[in-house]
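Every number for a ligand or one of its atoms is a count from 1 in the order of the listing. Residue numbers start at 1 and run along the sequence shown. These numbers come from the heavy atoms of this one structure, side chains and all, not from hydrogens, waters or symmetry mates.
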Amino acid sequence: MQVEKTICPYDCPTSCGLLVETDGQKIFKVTGDENHPATNGLICKKMRKYEKSIHSEDRILTPLKRIGKKGEGKFKPITWDEAVEEITNKWKRIIKEQGASAILPVYYSGVMSVIQRNCGDALFNKIGACSLVKTLCSSAKGAGYNSVMGTTGALDPRELKDSDYYIVWGSNMKATRIQAMPELIKARKQGKKVVLIEVYSKPMEKYCDQVVLIKPGTDGALALAMMNVMVEENLQDEEFLLENTIGYKEFKETLTNYTPEWAEEITGISKETIVNLAREYAGAKAPAIILGSGNSRYTNGGMTVRLITILSIFTGAIKYPGGGLCGTSPSSKSYIDKNVIARNDFRTNKARMVNINQVSSALNDEINPIKSLFVYASNPVCSISNQNKMIKGLLREDLFTVVHERFMTDTAKYADIVLPATFSVEQTDVYTSYGYCTLATAKKIINPPGECKSDWDMFRLLAKSMGYQDDYFDKTEEEIFEELLEKSLKDVKTISEEDKAVLKQGGAISTPFANHMDIKTKSGKIQITNDEMEEKIPRYIENSSQDYPLNLVAVPSCETLNSIFLERKDIVEKRGKVALKVNPKDAKSRNIEDGDEIICFNDLGEVGFVAEVTDTVAQGAVVAEGVYDMDFSINGRLVNALHDDRLSDIGEATTLNSNTVDIKKCKKYMK
Ligand SMILES: Nc1nc2c(c(=O)[nH]1)N[C@H]1C(S)=C(S)[C@@H](COP(=O)(O)OP(=O)(O)OC[C@H]3O[C@@H](n4cnc5c(=O)[nH]c(N)nc54)[C@H](O)[C@@H]3O)O[C@H]1N2
Ligand SMILES: Nc1nc2c(c(=O)[nH]1)N[C@H]1C(S)=C(S)[C@@H](COP(=O)(O)OP(=O)(O)OC[C@H]3O[C@@H](n4cnc5c(=O)[nH]c(N)nc54)[C@H](O)[C@@H]3O)O[C@H]1N2
Ligand code: SF4
Ligand SMILES: [Mo]
């Protein structure tokens with residue numbers, strides 16, 4: 001038995017370091033790596049039993065061909081040769097008859113490592129297929145932050161030790177940022193205050209000194225009113241703002257409109273609370289705002305983040321260690337050149353762009369029909385908006401669907417061909433981290449079971465069968481790994497030769513923290529106003545979806561990571577039936593009691609839930625925690641059947657929290 005280092009492949013800000021006990025064939029035990037610079041030995045409970053997923057009896061082990069109706073989930077095993085031939089023959093015919101833009105690849109966050117995640121791009125660029133706009137998650141947050149700060153690195157969570165006041169602004173850190181939790185707990189022990197601004201406070205409230213419940217999608221109004229109070233009471237850092245920003249004076253003039261009274265009406269937060277919050281925040285020297293992504297997933301999400309980013313510099317906090325914004329990219333530099341893998345130079349046509357949030361619309365496009373869908377590292381039936389429309393598209397008889405998966409997901413059930421995928425410990429790869437200044441690599445530890453193949457090996461086979469001769473498709477995983485590191489790090493001076501050697505071998509390193517005062521915008525100044533934006537001067541914009549009285553909000557679950565870990569019945573069954581959390585006042589006015597089966601509806605669909613009545617939800621909001629699959633569904637549909645596929649104001653992002661709904665008691669589905 002030996003212990004090997006590896007990295008968690010999932011879509012989490014930490015990209016944790018793991019230690020696995022193995023005999024070279026199986027994984028027996030997984031723990032957090034105490035020597036990983038961000039993990040410090042602390043990993044989530046999901047990954048502490050990673051071996052149960054890796055060696056699960058439910059894994060798909062061979063290529064499969066559909067023998068039942070689409071969606072029925074009936075397949076027969078076939079060989080890779082047969083599968084590859086069928087796929088590429090279909091593609092060749094589609095390219096000849098409809099053109100390559102009738103082929104749509106869909107992937108997202110199943111595996112976050114550089115090679116496996118990006119290698120499909122090379123093949124689909126070569127084919128000339130649709131190009132996927134990958135904005136399913138937090139690109140409105142990125143766009144909002146960048147419009148103010150450019151590529152200036154935000155706080156690395158390890159810098160939070162120096163902060164003297166904390167606002168956890170819409171982040172379920174207990175689920176999504178557990179490695180930063182010890183710092184928060186320690187800070188409170190040292191007498192520093194932690195405030196939570198949330199639409200749903202249950203998971204985090206016991207770690208905070210004060211909870212401020214806010215109406216969904218209204219955080220921009222709160223940020224503006226806090227700045228209004230600061231300006232009224234002269235609490236902002238005027239000298240810093242005049243010297244280091246563009247547009248301060250112009251913006252300051254607009255702030256007089258945004259009084260606490262005005263914001264109380266919009267946010268549901270009392271004006272006294274707003275005034276106190278502004279004074280306390282401004283009274284701190286190095287306050288940190290730990291910003292989640294929830295409030296960016298609205299039609300006004302980019303603007304909300306712009307305003308919170310401005311608030312984070314308004315008192316000059318970034319001059320001091322620990323002051324500023326945490327929760328978006330902490331590094332202004334990306335060390336790894338993803339194009340070594342994605343090969344945008346392989347494309348010779350102008351790509352048809354399809355936004356991932358709008359895949360359901362693309363699959364129903366009658367003018368330019370998609371003829372083949374290739375899904376990998378994603379589970380669109382559960383994760384992308386408008387489930388009814390998605391399923392309608394997937395049921396089209398003229399659509400040829402291939403899914404590369406580890407388990408028979410709700411999406412794989414609609415495939416014509418399913419290809420068996422590998423787990424991270426069966427692959428070699430490079431891992432960047434989007435929440436910490438770290439960089440890591442991990443080598444293959446065990447062989448995959450059955451006929452499972454990594455994304456890299458699968459795409460090479462498909463490319464060969466398409467007749468592509470490029471050297472790129474000849475390389476083994478180990479060869480492309482070496483090329484990626486070599487090309488990316490050759491001229492990088494800020495990483496020592498010693499650290500480069502660690503990466504070559506397999507391991508994790510820290511990269512330098514950003515200098516937060518080195519503002520990486522074109523002008524070198526913080527852009528409070530921005531000429532390049534449609535809205536030059538930031539202001540409050542209402543969330544546009546207001547058709548129904550309640551706002552439906554998705555929150556991450558501690559038990560799962562999007563639809564990953566649903567294979568682990570040991571943990572997901574504990575969650576019970578799919579619940580919708582409802583504020584007591586909203587429940588009472590509809591005669592709904594805790595435990596009632598309810599139906600949640602809007603123009604897009606209806607979804608059955610069990611009501612959980614709790615005052616940890618803001619009035620006017622209903623909250624669906626985690627992602628489930630159809631096995632758990634009450635009426636054959638899941639929460640994303642209620643999500644419209646409209647995009648955010650900037651960043652072309654998901655607006656999955658922007659949807660309004662109503663709820664009613666439901667006899668129909670009661671068992
Ligand atoms: N255990 C676990 N870990 C995960 C994930 C998971 O599902 N489970 N998901 C992974 C992924 S894909 C990502 S992107 C990251 C981050 O995952 P995210 O889903 O971005 O989660 P958070 O950043 O914690 O932020 C979501 C929080 O925003 C709150 N919120 C929603 N609307 C509003 C609003 O209008 N105002 C305010 N103030 N709050 C609001 C929600 O109640 C929720 O608590 O985490 C990753 N890690
Ligand atoms: N209702 C609701 N919807 C959401 C969210 C929510 O909180 N609630 N969160 C949103 C967010 S933030 C995100 S980022 C998206 C995520 O959406 P998706 O990217 O669709 O993520 P998952 O649903 O986790 O599906 C990932 C799939 O990849 C597979 N997989 C894992 N590793 C590999 C691999 O190496 N190769 C291949 N081929 N497959 C692999 C897994 O088995 C899994 O089925 O969902 C969004 N949608
Ligand atoms: S899922 Fe997130 S918290 Fe858990 S081990 Fe992976 S990166 Fe760390
Ligand atoms: Mo995400």
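- For the residue pair Q427 / S113, no side-chain donor-acceptor distance below 3.5 Å is found, with atom types taken as modelled.
- Under a 4.0 angstrom heavy-atom cut-off, M458 registers as lying outside contact with ligand 2.
- With 3.5 Å as the limit, one finds no donor-acceptor pair spanning the side chains of K453 and T422.
- For atom 9 (N) of ligand 1, the candidate residues are I197, T616, L561; the nearest heavy-atom contact is made by L561.
- Contact atoms of ligand 3 toward C44: 1 (S), 3 (S), 4 (Fe), 5 (S) (distance under 4.0 Å to a heavy atom of the residue).
- Nearest-residue assignment for atom 28 (O) of ligand 1 (options G170, A621, G327; heavy-atom criterion): G170.
- Under 4.0 Å from ligand 2, not a single heavy atom of E567 appears.
- The shortest N or O to N or O distance between G217 and ligand 1 is under 3.5 Å.
- Of the listed residues (D455, V111, I384), the one carrying the non-hydrogen atom nearest atom 36 (N) of ligand 2 is D455.
- If you check which protein heavy atom lies closest to atom 2 (Fe) of ligand 3, you get C12 SG, 2.4 Å.
- Taking the ring axis of Y107 as reference, the NZ or CZ atom of R117 does not stay both within 45° of it and closer than 6.0 Å to the ring centre.
- For atom 33 (C) of ligand 1, the closest non-hydrogen atom of the protein is Y298 OH, 3.5 Å.
- Each of the following atoms of ligand 1 lies closer than 4.0 Å to a heavy atom of D219: 34 (C), 35 (O), 36 (N), 37 (C), 38 (N).
- Distances below 4.0 Å separate heavy atoms of W169 from the following atoms of ligand 1: 38 (N).
- Listed by number with element, the atoms of ligand 2 under 4.0 Å from a non-hydrogen atom of Y108 are 14 (S), 19 (O).
- The atoms of ligand 1 that sit less than 4.0 Å from any heavy atom of P216 are 35 (O).
- At a heavy-atom distance under 4.0 Å, no atom of Q116 approaches ligand 2.
- Neither the backbone nor the side chain of L638 has any atom closer than 4.0 Å to an atom of ligand 2 (non-hydrogen atoms only).
- At a cut-off of 3.5 Å, with distance as the only test, no side-chain donor of S53 or R406 sits close to an acceptor on the other residue.
- Considering backbone and side-chain N/O atoms, N640 never comes within less than 3.5 Å of an N/O atom of ligand 2.
- With no hydrogens or angles considered, a side-chain donor-acceptor pair links T411 and N379 at under 3.5 Å.
- Interatomic distance, W169 CH2 to I290 CD1, rounded to the nearest 0.5 Å: 13.0 Å.
- Considering backbone and side-chain atoms alike, E405 places an N or O below 3.5 Å from some N or O of ligand 2.
- Ligand-side atoms of ligand 3 in range of Q179: 3 (S), 8 (Fe), range being under 4.0 angstrom from any heavy atom.
- Protein heavy atom at the shortest distance from atom 15 (C) of ligand 2 is L136 CD2, 3.6 Å.
- Regarding atom 5 (S) of ligand 3, its nearest protein heavy-atom neighbour is M47 CG, 3.4 Å.
- When each atom of ligand 3 is checked for a heavy atom of L561 under 4.0 Å away, the hits are 1 (S).
- The aromatic rings of F459 and F374 sit tilted relative to each other, their planes meeting at an angle between 30° and 60°.
- With no hydrogens or angles considered, a side-chain donor-acceptor pair links Y434 and D11 at under 3.5 Å.
- When non-hydrogen atoms are compared, ligand 1 lies under 4.0 Å from the side chain of R297 (C-beta onward) but not from its backbone.
- Nearest protein heavy-atom neighbour of atom 8 (Fe) of ligand 3: C16 SG, 2.3 Å.
- Using a 4.0 Å cut-off between heavy atoms, N379 contacts ligand 2 through both its backbone and its side chain.
- Of the N or O atoms in D11, none lie within a sub-3.5 Å distance of an N or O in ligand 2.
- Under a 4.0 angstrom heavy-atom cut-off, V555 registers as lying outside contact with ligand 2.
- Taking only non-hydrogen atoms, the option from A618, C137, S293, G301 nearest to atom 23 (O) of ligand 1 is S293.
- The option from L196, I564, T560, T176 that lies nearest to atom 8 (N) of ligand 1, judged by heavy atoms, is T560.
- Atom 6 (Fe) of ligand 3 has as its closest protein heavy atom C8 SG, 2.3 Å.
- Using modelled atom types, one finds no donor on one side chain facing an acceptor on the other under 3.5 Å when comparing T299 with D649.
- Counting heavy atoms only, H404 comes closest to atom 38 (N) of ligand 2 of the residues H404, E426, Q427.
- Remark: the K444 side chain and the T428 side chain contain no N/O donor-acceptor pair separated by less than 3.5 Å.
- Among S109, S454, S383, the residue whose heavy atom lies closest to atom 20 (O) of ligand 2 is S383.
- Contact annotation: for A554 versus ligand 2, heavy atoms closer than 4.0 Å belong to the side chain alone.
- At a heavy-atom cutoff of 4.0 Å, ligand 1 is contacted by no atom of Y10, backbone or side chain.
- At least one N or O atom of N562 sits closer than 3.5 Å to an N or O atom of ligand 2.
- The option with the heavy atom closest to atom 2 (C) of ligand 1, from among G626, C558, S557, is S557.
- At least one N/O-N/O distance between A377 and ligand 2 falls below 3.5 Å.
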